[in-house]
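Values below: all heavy atoms of this structure, side chains included; hydrogens, waters and symmetry mates excluded.
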Amino acid sequence: MCILGGNLAAPYQASLLEHLTRRLNHAGRAVMVINTDDGEESVREALQQTLNYRSTATIVLSGKPPGTLIETCLQSGQQVILINRMGQFEGADNIEIDYRSTMADALNLLLDAGCQQIALVSSSARSPSMVMRETRFLDAAAERGVNVTLTQPGSASYLTGVTAARELLSAGTRPDGVFCVTDLIACGFIDAARHEFGLRIPEEISIIGFDDIEQASWLGYDLTTFAQPLAEMAEAACQLVIAPATGTPSRRVFNALPVRRSTLS
């Protein structure tokens, strides 16, 4: 079978890939990993190899794999399992996070901490999961009548967090609560807030991330975040691969639970 994914060195993607390959290997499935960062044409050639070897299933990690590659897999008759692609493709199985409730929880954490000027740091990389986190957070804010300042200064990276902090903290009205759509963005925001603006966290600003990557628990960050249940999501993907096909696409929805640390007052 095949796993398609991009930006595989990123902490979240690397952790998800580790869980998937370990579980599939334990189930006796040989796995071919194709890095979609190599360009669409080279990925198509690699996909053709999996078809020649009669690969029966492809798992697509959230984010970068383009829709044309997913369509190629579906048209070949493969079983396709999408992780955090939000039901984009008819005929594919879906494993995803309940972002509506999770983003409402993120907003409530900031409001319960007494934050009055809230900012949302999102990503200019418009992957389905990034868009959904941004949209659902703004929806939750609208339902509560809360104004949110949105910025999208770059990809889902550490540098984007630094850039966002410089932009937001130099403004006339600084935010006192920030939700970042990934932990890497939040880590960059924390470092800039502390070292360039001298702010105390959480006394002067509260910060929340998303993904609960390893770095989030490091003492230098101790970041409040939301943890995706990667082991359970990998198990669900594996069960879809090894279970008899029913002909009806499956949808499994998981909750991302808050992990409270010291960046939230």
Side-chain angles (χ1 to χ4, degrees), residues 1-8 10 12-13 16-17 19-21 23-24 29 31-100 102-103 122-136 139 155-156 181-182 211 228-230 232-256:
M1 65 161 300
C2 173
I3 296 177
L4 282 180
N7 196 22
L8 297 179
Y12 166 77
Q13 295 287 72
L16 178 57
L17 184 61
H19 281 283
L20 284 169
T21 52
R23 181 62 185 87
L24 290 165
R29 297 296 175 119
V31 180
M32 178 179 183
V33 178
I34 300 178
N35 189 335
T36 60
D37 289 337
D38 291 337
E40 191 163 338
E41 186 56 39
S42 63
V43 173
R44 284 190 184 279
E45 293 175 3
L47 271 177
Q48 190 59 49
Q49 294 179 35
T50 72
L51 299 178
N52 292 340
Y53 284 107
R54 293 181 172 85
S55 175
T56 58
T58 293
I59 297 175
V60 182
L61 307 188
S62 58
K64 296 178 67 175
T68 53
L69 298 177
I70 298 172
E71 292 287 0
T72 297
C73 295
L74 287 168
Q75 290 167 8
S76 74
Q78 285 189 359
Q79 179 188 19
V80 177
I81 301 165
L82 307 178
I83 298 180
N84 282 335
R85 297 289 294 227
M86 309 308 153
Q88 286 181 307
F89 297 89
E90 185 177 352
D93 296 310
N94 284 274
I95 295 172
E96 58 194 63
I97 295 295
D98 179 4
Y99 282 120
R100 182 181 297 277
T102 303
M103 294 299 99
S122 190
S123 169
S124 60
R126 310 308 287 164
S127 67
S129 58
M130 297 296 104
V131 171
M132 192 61 67
R133 294 174 199 182
E134 175 188 313
T135 301
R136 294 307 189 201
D139 287 346
S155 62
V181 295
T182 72
D211 285 331
Q228 296 194 54
L230 298 185
E232 290 84 353
M233 293 166 74
E235 177 64 26
C238 185
Q239 289 301 319
L240 286 170
V241 170
I242 66 179
T246 63
T248 302
S250 174
R251 180 172 179 258
R252 291 288 309 277
V253 180
F254 292 86
N255 293 318

Subject >> Residue list, salt bridge (charged side-chain N to carboxylate O under 4.0 Å, His left out) with R251, at least two apart or on another chain >> reply: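 Salt bridge (charged side-chain N to carboxylate O under 4.0 Å, His left out) list for R251, sorted by chain: E96.
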
Can you check whether [Y]'s main-chain N or O pairs, donor with acceptor, with [X]'s side chain at less than 3.5 Å?
X    : Y    : answer
Q13  : G6   : yes
R133 : V181 : yes
N84  : P128 : no
T135 : M132 : no
Q79  : D93  : no

Original post:
Within a strict 4.5 Å, meaning less than it, do heavy atoms of the S250 and I95 side chains meet?
Top reply: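 S250 vs I95: side chains apart.
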
**OP:** Compare all side-chain heavy atoms of T182 with those of Y12 and state whether any distance is below 4.5 angstrom.
**Re:**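 Of all side-chain heavy-atom pairs linking Y12 with T182, none is under 4.5 Å.
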
With rounding to the nearest 0.5 angstrom, report the [atom1] to [atom2] distance, [X] to [Y].
X    : Y    : atom1 : atom2 : result
I70  : Q75  : CD1   : CD    : 12.0 Å
M32  : L4   : CE    : CG    : 9.5 Å
I81  : M233 : CD1   : CE    : 12.0 Å
E134 : S122 : CD    : OG    : 3.5 Å
C238 : H19  : SG    : NE2   : 13.5 Å
L20  : I83  : CG    : CD1   : 5.0 Å

Subject >> Candidates L82, V33, V80, L24 - the one meeting side-chain contact (heavy atoms from CB on, under 4.5 Å) with I59 >> reply: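 Testing each of L82, V33, V80, L24 against I59, the sole residue satisfying side-chain contact (heavy atoms from CB on, under 4.5 Å) is L24.
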
Original post:
Can you name the closest pair of heavy atoms from A156 and M130 and give their distance?
Top reply: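 Looking at all heavy atoms of both residues, the shortest contact is CB-SD, 4.1 Å.
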
**OP:** Over all heavy atoms of both residues, which pair between P249 and A92 is shortest? Give the atoms and the distance, please.
**Re:**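 Nearest pair, atom of P249 first, then A92: CB-O, 3.4 Å.
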
Original post:
So among D211, N255, T102, which one has a side-chain hydrogen bond (donor to acceptor under 3.5 Å, both in side chains) with Q228?
Top reply: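 By the side-chain hydrogen bond (donor to acceptor under 3.5 Å, both in side chains) criterion, Q228 pairs with just one of D211, N255, T102: D211.
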
Original post:
Does a side-chain N-to-carboxylate-O contact under 4.0 Å join E232 and R252?
Top reply: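 So E232 does not pair with R252 through a salt bridge.
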
